[in-house]
There are 2 protein chains.
Amino acid sequence: MSVDPENSPEPRIRIGELSRRAGVGVDTLRAWERRYEVFRPSRSPGGFRLYGPGDEARARRMSELIAEGHSTAEAARAVVRPAGPPAAGAPAAEEVGPLVEALVALDEGTANSVLDRVLATLSLEQASALVILPAMREVGSRWSRGEIGIAEEHFASNLVRARLLALTRGWGSGGGRRALLACPPGEKHDLALIVFGLALRDRGWRVTFLGADTPTGTIEEAAGRLRPEAVVVAALSLERIEAEAEALASLARSQRLLLAGPTEVTAAARRLGAEPLPPDAVEGAAALDAG
Amino acid sequence: MSVDPENSPEPRIRIGELSRRAGVGVDTLRAWERRYEVFRPSRSPGGFRLYGPGDEARARRMSELIAEGHSTAEAARAVVRPAGPPAAGAPAAEEVGPLVEALVALDEGTANSVLDRVLATLSLEQASALVILPAMREVGSRWSRGEIGIAEEHFASNLVRARLLALTRGWGSGGGRRALLACPPGEKHDLALIVFGLALRDRGWRVTFLGADTPTGTIEEAAGRLRPEAVVVAALSLERIEAEAEALASLARSQRLLLAGPTEVTAAARRLGAEPLPPDAVEGAAALDAG
DNA sequence: AGACATTCGACAAACTCTTGACAACTGGGA
DNA sequence: TCCCAGTTGTCAAGAGTTTGTCGAATGTCT
């Protein structure tokens with residue numbers, strides 16, 4: 001799952017500017033590309049390299065790793081590899097703090113560069129599981145502790161939602177198995193559900209997304225028309241499920257229904273005739289795909 | 001919105017005046033037009049270029065992007081939403097129907113291709129005003145007539161929101177005047193507000209977006225911290241405003257508050273100490289920028 | 001009349017391209 | 001300790017690209 005910078009509205013930069021921003025010489029940048037394929041810049045009509053948003057992050061990360069004593073080849077391997085378990089957990093977790101700080105400070109620029117770096121370094125699934133969703137959970141708990149206002153929570157959700165939704169182009173097309181995704185009435189947190197959808201998409205599924213706050217009856221109607229292989233309903237709090245228990249049970253009789261969310265939510269699944277999904281969105285997608 | 005700049009009552013200026021206002025040489029302006037089609041000025045009977053209000057913003061934004069280190073060509077790519085055939089009003093309106101049909105059929109592929117075509121043909125402002133927002137209004141009214149369910153409405157909002165949010169990258173950065181945008185509690189339709197924010201961004205503003213369903217008190221807190229030049233609150237129904245009348249009036253005492261929405265909403269503005277904005281999102285942005 | 005505009009072609013400064021090379025450094029092995 | 005091989009940042013040369021600016025001849029506006 002990669003974003004191609006060609007069609008991005010974001011203007012690209014040439015090698016000199018990248019050099020200034022990242023603090024790496026132009027010759028070095030070209031050498032890294034030639035020798036390790038760290039970058040794959042697009043080209044201007046005349047052949048000039050044009051770098052996208054993630055490239056500055058990659059160059060910075062290279063410098064960082066080299067400064068920490070790794071060889072250039074090693075750094076390149078760490079930066080270029082889309083997914084890599086070795087030692088990816090620790091450094092990724094370090095991004096959570098800065099991301100949270102930027103979000104609660106309503107600082108769009110910083111938040112976006114952290115996200116650029118994270119999405120450039122990690123696979124989408126890792127980025128979501130290790131950084132983005134933990135950061136949003138932290139924002140949520142700061143709000144429930146009264147440390148920040150709803151404004152900050154809204155700002156953070158909207159910014160992160162924008163980044164994630166940008167990756168959803170075409171997730172409803174193709175020939176794979178189809179899943180219908182929605183949050184029950186009253187549930188406004190759809191970020192984890194988006195991540196879930198993206199993870200499913202990566203596994204070849206077709207995703208139809210109804211989003212937050214969707215009445216159970218209309219989920220059932222839509223399911224009747226689309227005939228998905230699975231209907232996934234996600235909620236953060238048990239109340240939303242309890243309030244709709246009857247309608248969900250009815251839905252479960254006509255569709256394969258899966259419940260996602262914290263353990264108290266999924267615990268209610270069997271009683272309603274639904275299947276529980278692991279609390280982690282990415283794990284959940286894997287489980288659904290496997291089952 | 002001034003769809004057809006030819007007939008707009010807006011003052012039209014010649015190249016020298018634009019050069020002075022935007023701080024860009026006349027030769028440079030002509031070169032940008034010739035080489036990148038950044039402008040499409042109309043002409044006087046004698047052949048003089050006549051520029052509209054958006055052109056100054058475009059020129060300014062070009063300078064800004066170039067100062068940030070982007071090449072002129074890339075700045076141009078980011079600034080031009082390739083304007084389609086002149087007088088594109090009629091053909092554009094023809095896209096509304098197919099878009100609505102695709103959306104209510106939960107057909108992501110078709111909906112996205114219509115949007116692709118529309119965004120490739122028209123400026124963002126035209127696409128919003130002539131196609132996207134009308135289509136969403138049509139979806140909304142079909143729902144209120146009971147012809148479609150909330151599922152379709154949700155699907156449509158989410159798909160369109162994803163496309164629009166993808167264009168918001170960086171709208172909070174830069175050096176322009178800052179605006180704080182939010183919908184009042186209970187108001188869930190933020191699409192027009194996003195369009196409004198994008199139109200402001202095109203005019204050089206910085207946008208901080210709190211989104212749907214934001215308590216007035218937290219708007220006030222955020223405004224206290226960000227000190228924006230304008231706070232814009234948008235609602236589709238008067239009820240949302242009335243329910244928050246007192247809080248909004250209080251907000252209007254400490255901030256420059258503008259109300260956007262249908263006429264019955266903006267009619268309530270003056271009573272609350274706020275300023276009304278035109279119902280059309282793009283016109284509204286132009287008005288705020290001009291005032 | 002005089003300020004302001006138009007087009008077209010052209011130029012030069014700043015930047016970037018590729019290829020190939022080289023010197024400084026590293027980490028062993030003899 | 002010396003030497004070798006691999007690694008890596010930097011440089012050079014010559015060609016090509018990008019882009020602001022200019023000149024010249026001509027036309028428009030008030």
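Chain A is the first sequence line, chain B the second, and so forth, proteins listed ahead of strands; every chain is numbered from 1. What you see is a predicted model, and the numbers here were worked out from it, not measured in a lab.
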Between [Y] and [X], is the closest basic N to carboxylate O distance under 4.0 Å?
X: A/Arg58; Y: A/Glu33; result: no
X: A/Arg117; Y: A/Glu64; result: no
X: A/Arg12; Y: A/Asp55; result: no

Most 5' of A/Arg34 and A/Gly16 on DNA chain C, judged by nearest nucleotide: A/Gly16

When the distance from [atom1] of [X] to [atom2] of [N] is rounded to whole Å, what number comes out?
X: A/Leu50; N: D/dT17; atom1: CG; atom2: C1'; answer: 12 Å
X: A/Leu65; N: D/dT7; atom1: CG; atom2: C1'; answer: 17 Å
X: A/His70; N: C/dT26; atom1: NE2; atom2: P; answer: 17 Å
X: A/Tyr51; N: C/dT16; atom1: OH; atom2: C1'; answer: 10 Å
X: B/Ile13; N: C/dA5; atom1: CD1; atom2: P; answer: 10 Å
X: B/Leu29; N: C/dC4; atom1: CG; atom2: P; answer: 16 Å
X: A/Asp27; N: C/dA24; atom1: CG; atom2: P; answer: 17 Å
X: A/Arg43; N: D/dT17; atom1: CZ; atom2: C1'; answer: 13 Å

Taking the side chain from [X] and the backbone from [Y], do they hold a donor-acceptor pair closer than 3.5 Å?
X: B/Glu74; Y: B/Ser71; answer: no
X: A/Arg201; Y: A/Gly170; answer: yes
X: B/Thr266; Y: B/Ala260; answer: no

Partner residues of B/Asp116 under the salt bridge (Lys or Arg N to Asp or Glu O under 4.0 Å) criterion, sequence neighbours left out: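 Expected list: A/Arg169, B/Arg163.
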
A/Trp171 and A/Phe209 aromatic ring geometry - parallel, tilted or perpendicular at 30°/60° bounds: tilted

Worked check of salt bridge (charged side-chain N to carboxylate O under 4.0 Å, His left out) between B/Glu17 and B/Arg14: CA-CA 6 Å; B/Glu17 181 60 21; B/Arg14 298 200 303 223; over 6 Å; no

Between the first and last five pairs of the helix from C/dA1-D/dT30 to C/dA30-D/dT1, the angle of the axes, rounded to 10 degrees: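 Comparing the first five pairs with the last five, the axes sit 30° apart.
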
Between the protein and nucleotides 18-20 of chain D, are there any N/O to N/O pairs under 3.5 Å, and if so, what are the atom names and distances?
from	atom 1	to	atom 2	distance (Å)
D/dT18	OP1	A/Ser44	OG	3.0
D/dT18	OP1	A/Gly46	N	3.0
D/dT18	O3'	A/Arg14	NH1	3.3
D/dT19	OP1	B/Thr72	N	2.9
D/dT19	OP1	B/Ala73	N	3.1
D/dT19	OP2	B/Tyr36	OH	2.5
D/dT19	O5'	B/Tyr36	OH	3.4
D/dG20	OP1	B/Thr72	OG1	3.0
D/dG20	OP2	B/Trp32	NE1	3.1
D/dG20	N7	B/Arg35	NH2	2.5

side-chain N/O B/Arg30 vs C/dG9 OP1/OP2, d < 4.0 Å: no

